[in-house]
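A short write-up of the structure that comes next.
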Amino acid sequence: YTSPSPARHHNNAVAQMQYIFPVLKTADILTCCSELEIELTKAELTEPQRHRERIRKVFWQLLEICFGVTEEDLAKQLPQPDQLAEISDYPELHEDGLVDVLFFRELSNAMNIVGIPDFSWKD
């Protein structure tokens, strides 16, 4: 089981999360991605905030490879346009947001399974 455990100092204050699985070096992560046929550069990995769309694509690929969840699977879970029209005067405004919510839910569930229960929108 690989859940995080808070590191505590002598005064019992929580310093930072420490995981019981090893933290991989950048080169190791790039090698693993290459073996999984996921294209990822060092810059994309080390500066994810500058490469948000590419990192999102990497997460999609990992969801598919590791958990069998595809973008098409999530698209099937979306309400039909007529269902959206019943709850909103502007259903087209909600379509992209719903995809993002479903994507985050699946990714969050996957991260929890692999021992990262504190995954959030900021990640």
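Every value quoted in this text rests on a predicted model; they were computed, and no experiment measured them.
- In this view, T26 and L30, K42, L45, T46 satisfy the side-chain contact (heavy atoms from CB on, under 4.5 Å) rule, not counting sequence neighbours.
- In this structure R50 satisfies the side chain to side chain donor-acceptor pair (under 3.5 Å) test together with E47, sequence neighbours excluded.
- For residues 61-79, the pairs satisfying salt bridge (Lys or Arg N to Asp or Glu O under 4.0 Å) are K57-E71, with sequence neighbours left out.
- In this structure, Q49 has no side chain to side chain donor-acceptor pair (under 3.5 Å) partners at least two apart in sequence or on a different chain.
- Sorted by first and then second residue, the ring pair (Phe, Tyr, Trp, His ring centres under 6.0 Å) pairs involving residues 60-80 (not counting sequence neighbours) are W60-F103.
- Annotation: the span from T41 atom OG1 to H51 atom NE2 amounts to 5.5 Å, rounded to 0.5 Å.
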Name every donor-acceptor pair, under 3.5 Å, that has one atom in a side chain of residues 107-116 and the other anywhere in the protein, sequence neighbours excluded.
from: N109; atom 1: ND2; to: R105; atom 2: O; distance (Å): 3.3

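- Within the structure, the salt bridge (Lys or Arg N to Asp or Glu O under 4.0 Å) test picks out no pair touching residues 25-37 (sequence neighbours left out).
- The aromatic rings of F104 and F119 lie parallel to each other, with less than 30° between the two planes, well short of the 60° mark.
- Contact between E44 and R54 at its shortest, heavy atoms only, is OE2-CG, 3.1 Å.
- Put simply, SG on C33 and CG on L62 are 6.0 Å apart, with the number rounded to the nearest 0.5 Å.
- With sequence neighbours excluded, no residue forms a salt bridge (charged side-chain N to carboxylate O under 4.0 Å, His left out) with E106.
- Under the side chain to side chain donor-acceptor pair (under 3.5 Å) criterion, Q61 pairs with no residue, sequence neighbours left out.
- Within the 4.5 Å cutoff, no side-chain heavy atoms of V99 are placed close to those of L74.
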